[in-house]
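Just so we're on the same page: letters track the sequence lines, and every chain starts at 1.
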Amino acid sequence: MAKNLVIVESPAKAKTIEGFLGKDFLVKSSFGHVRDLVKKGLAVDTEKNFEPYYEVSPDKEKVVNELRKLAKAAEIVWLATDEDREGEAISWHLAETLKLNEDDTRRIVFHEITKPAILKAIETPRKIDRHLVDAQQARRVLDRLVGFELSPILWKKIKPSLSAGRVQSVAVRLIVEREREVMNFKSVSAYKVSALFQVGNQQMKAELRQSFDTLEGARAFLEKCKNASFTVSTLDVKPGKRTPAAPFTTSTLQQEASRKLGFSVKRTMVVAQRLYESGKITYMRTDSVNLSELAVGKAKQVISENFGDQYIHSRQYRNKSKGAQEAHEAIRPTYLENNVVDGERDEMRLYDLIWKRTIASQMADAELEKTTAQIAISTTTETFVAQGEVIKFDGFLKVYMESSDEEGDETEKTQEGMLPPIRQGETLAMNTITAVQRFTHHPSRYTEASLVKKLEELGIGRPSTYAPTISTIQDRAYVVKEDRDGRPRGYDVLTLKATQITEEKRSENTGAEKSKLFPTDIGMVVTDFLQQYFPKIMDYNFTASVEEEFDTIAEGKMNWRKMLENFYRPFHHDVEQTSENSERASGERLIGVDPNTGKNMYARVGRYGALVQIGESDDEIKKFASLRKDQRLETITLEDALELFKLPRIIGEFEGKEMKVNIGRFGPYILHNNNFVSIPKTDDPMSIEMDRGVELILAKRKADAEKEIKVFREEGRDDVRLLNGRWGPYLAIGKANYKIPKTTDPATLTLQDCLTMAAAQDEANPNIKRAAAKKAGATKKEPAAKKKAPAAKKKAPAKKAKAPAKKKAPAKKTEK
DNA sequence: CAGTGAGCGAGCTTCCGCTTGACTT
């Protein structure tokens, strides 16, 4: 048995380190945190000085047991988790759960995974830093208090199962606010003028400095140019340079992989994880831009060999964001000499990006020469400007160029080439001058990656949580990632050629969005609610300010329980106030008066999403209609709403049963005899007629018949069916589906065979959620034991207090 | 798969940060 047990956080790291240490050292991994607040309930006693209740996380029992055994056998246990707040806490939790003896336990840290660094760490052990641990406990408890006190208010006031938290709620707020900026944005247009001059056998493009607000203004300008002469008034040559971007952090890697490779942040992390596990890159969850000395040295060598010494420019990057905890290096190739790796396509592409970015960061600036020519117009004071840019020395641009979030930005840059040879004072021949109507663009909606960038700037969230946070807010349906089609928009173009001005209307597509984040109606309602009652938590600076306090705790200058006390008392007061006094929130909005009934018409969210409603909420008779997928609670108009009430339509009878057309969650359908038949996109549900309806029903029947292998109708079980599905034959009982072994011919199965097979599969996989399983409620877990409770509770009075005034109001009786 | 929009009730939902698998479909 090894004398020394070293515990790190990740198994890949453990494997590497084991190679550096002798056979006296056994290196194991904790797989991150091993202990956390008890999963259910607050697990913090707010009346007992915020005593936290911890438990070994269920999925870590195994690891903990193993580590416990190994720790017992070892003489010395080395806790080598990361140097940041969370890492320190992991070590402390390990010490606690493994019941480590302080004398035989050493805390060590290292910043790079190299043999000398690790040997040095072993020589300079320390004790667990309790202040740092306390800062983590404060962070952990605060997040639990915020999340577990706010979420239940949402369940009560808006909808069950919703969630709120320090990070996710602010992320949603960013998207909601951006959407409103877009909605309120008023686009204005201006006429931008450019000219093409003939220089020798080349054309030179120049832009007019000013633009014109109106078509008349642009036309008047072109008129002035008709008989003008154009002279190069100044010619200016200036050197310039460009500097490479810093090596990748989690956030910048996600951004670039999104822009250059079209990866979602999740995909980026999955691929990076594989590269890390196979030892090709350093750790992928980091906020550090720092490269180890070893890496800088190696980069120098690689650049020298591949591009020459003049391309070398070693740089040390520093982190600008305050929250950075720098437990790791930047993300870089482990072996910089490998400019390609084998593996899947995505892995190769992401690796390529990481290699180029790392190498470029150690390369020389690009040197440019920027030429600016001003061209005077004899008939007016306005001037044209022509710009050219030439790369004198490519430097890092040889391997890598960072992309930008602004669409079209990159192409503009690369288009700027050298100006043709011109002299100051030279008169230029004009080919054409055009004035094009251009529109201002609303602020860009967030992509997953640009949201991560924003969160990082605000210091909200950590490298390990960016991707999960983005997933959470989509899972909760606060936000959706979508493409949206643009709409055509006309614009004017005026062209002056020789002395002829022509005018035409062209059309462009505008407003198209690709993979952008949009808030949902419920996302907006929740955000508004939280903003109204918990503005402090929703403040963009909330995280930053509590982070400062965590830092003070880490420095030993503040007690963590005291800090929580100061935060919690006023917060909890707000929670109680809101719980007692606030109205239910549904985003209700009066959109007008229904011309048919004279009643008010409202838009709001209900249990199943946004809806429009005719009549007051306490009216006896109301009418409802769901909003369609492309409609928003905040923007729907009375006209749109009235359209919605034209459905459902009865379009006729077939086989003695009526055919009803409506739009459901998956689009338009016809309901006939309890069967749903989808209406294809080519038909309009508003105008579809009886004959077409029958046609669709018959077509559906035919398709169903073809997928039917056998149904046990004679046996009286028409719910037991053998069907041909997308993945081959399968068994369906009611709404639950079961596999059929590949070796069996489904046609030979009897009813009994099917039932046995289904039962066997239910038995084998009790965890699979099958759609049916709603037979008898008898199989529920020990219902008897829980029946005791209700007698003790009496919540009736509380209920009565609510809205008593309105209840007895005489129901409005409007005659139709 | 889809129509609803609320109601006596019971019990459930939920946070952020560390880490990697393991059930299918």
Run through DNA chain B and report every stem of 3 or more consecutive Watson-Crick or G-U pairs, distances under 3.5 Å, ordered by first number.
none
With a non-hydrogen cut-off below 4.0 angstrom, is A:Thr81 in contact with a base, only sugar-phosphate, or nothing?
nothing
Answer yes or no: side-chain N or O of A:Ser161 and base N or O of B:dT13 forming a donor-acceptor pair under 3.5 Å.
yes
Report the distance from atom CE of A:Met284 to atom C1' of B:dT19, rounded to the nearest whole Å.
9 Å
What's the closest nucleotide to the side chain of A:Gln168 if the choices are B:dG21, B:dA2, B:dT14?
B:dT14
Given that A:Ser626 and A:Lys39 both sit by DNA chain B, which one's nearest nucleotide is further toward the 5' end?
A:Ser626
Can you find a heavy atom in the side chain of A:Gln631 that is under 4.5 Å from one in the side chain of A:Leu644?
yes
Would you mind reporting whether A:Thr46 and A:Tyr568 have side-chain heavy atoms less than 4.5 Å apart?
yes
Nucleotide of B:dT14, B:dG17, B:dC18 approaching A:Ser163 most closely (side-chain heavy atoms):
B:dT14
Would you say the side chain of A:Arg139 and the base of B:dC16 hold a donor-acceptor pair, judged only by whether the two atoms sit under 3.5 Å apart?
yes
Indicate, with a heavy-atom threshold strictly under 4.0 Å, whether A:Pro11 touches base, sugar-phosphate, or nothing.
sugar-phosphate
Reckon A:Leu154 touches a base, only the sugar-phosphate, or nothing at all at heavy-atom distances under 4.0 Å?
nothing
Minimum-distance nucleotide (side-chain atoms of A:Trp155 versus B:dA6, B:dT20, B:dT13)
B:dT13
Parallel, tilted or perpendicular: which fits the ring planes of A:Phe542 and A:Phe567, with parallel below 30° and perpendicular above 60°?
tilted
Just to confirm, is there a sub-4.0 Å distance from OP1 or OP2 of B:dG21 to any side-chain nitrogen or oxygen of A:Arg274?
no
Check whether any side-chain heavy atom of A:Arg462 sits under 4.5 Å from a side-chain heavy atom of A:Asp287, and report yes or no.
yes
Are the ring of A:Phe624 and the base ring of B:dT4 both nearer than 5.5 Å at their centres and tilted by less than 30°?
no
Counting any heavy atom closer than 4.0 Å, what does A:Gln273 reach on the DNA or RNA strands: base, sugar-phosphate only, or nothing?
sugar-phosphate
Is any side-chain heavy atom of A:Val172 closer than 4.5 Å to a side-chain heavy atom of A:Val526?
no
A:Ser464 or A:Leu671: which one's nearest nucleotide on DNA chain B is closer to the 5' end?
A:Leu671
Nearest-nucleotide pick for A:Phe676, side chain only, options being B:dA2, B:dT13, B:dC18:
B:dA2
NA contact type, A:Gly609, heavy-atom cut-off 4.0 Å: base, sugar-phosphate, or nothing?
base
Flag as yes if A:Phe148 stacks onto the base of B:dT14 (centroids under 5.5 Å, planes under 30°), otherwise no.
yes
According to a strict under-4.0 Å criterion, is A:Ser10 in side-chain N/O contact with OP1 or OP2 of B:dT20?
yes
Does anything in residues 161-173 of chain A pair up under side-chain hydrogen bond (donor to acceptor under 3.5 Å, both in side chains), and if so which pairs, sequence neighbours excluded?
A:Asp143-A:Arg166, A:Ser163-A:Gln168, A:Ser163-A:Arg476, A:Arg166-A:Thr543, A:Arg173-A:Glu177, A:Arg173-A:Tyr540
Looking at B:dT14, I'd like to know if its phosphate oxygens (OP1 or OP2) sit under 4.0 Å from a side-chain N or O belonging to A:Arg144.
no
So what does A:Ala89 hit on the nucleic acid, given a heavy-atom distance under 4.0 Å: a base, only sugar-phosphate, or nothing?
nothing
Sequence neighbours left out, what pairs pass salt bridge (charged side-chain N to carboxylate O under 4.0 Å, His left out) with at least one residue falling in residues 34-45 of chain A?
A:Arg35-A:Glu96, A:Asp36-A:Arg140
Could one point to a donor on the side chain of A:Arg462 or the base of B:dC18 with an acceptor on the other under 3.5 Å away?
no
Between B:dG17 and A:Thr465, is there an OP1 or OP2 to side-chain N/O distance shorter than 4.0 Å?
yes
Of B:dT13, B:dA2, B:dG17, the nucleotide closest to the side chain of A:Lys40 is B:dT13
With a 4.0 Å cut-off on heavy atoms, is A:Arg166 in touch with a base, just the backbone sugar-phosphate, or nothing at all?
sugar-phosphate
So which nucleotide from B:dC18, B:dT19, B:dC15 ends up closest to the side chain of A:Tyr283?
B:dT19
Side-chain atoms of A:Tyr276 come closest, of B:dC15, B:dG17, B:dT20, to B:dT20
Using a 4.0 Å heavy-atom cut-off across all strands, classify A:Val146 as base, sugar-phosphate, or nothing.
nothing
Contacts of A:Tyr276 meeting side chain to side chain donor-acceptor pair (under 3.5 Å) (sequence neighbours excluded), chain-then-number -> A:Ser10
State whether A:Arg476 places a side-chain N or O below 4.0 Å from either non-bridging phosphate oxygen (OP1 or OP2) of B:dT14.
yes
Of the candidate nucleotides B:dT20, B:dC16, B:dG3, which contains the atom at the shortest distance from the side chain of A:Asp36?
B:dC16
Under 4.0 Å, heavy atoms only, any strand: does A:Gly32 hit a base, just the sugar-phosphate, or nothing?
base
Partners of A:Phe31 by side chain to side chain contact (heavy atoms under 4.5 Å, CB included), sequence neighbours excluded?
A:Pro11, A:Ser29, A:Lys60, A:Val63
Side chain to side chain contact (heavy atoms under 4.5 Å, CB included) filter on A:Lys623, not counting sequence neighbours, yields A:Ile614, A:Phe645
With respect to the side chain of A:Tyr608, which nucleotide from B:dC18, B:dC16, B:dA6 is positioned closest?
B:dA6
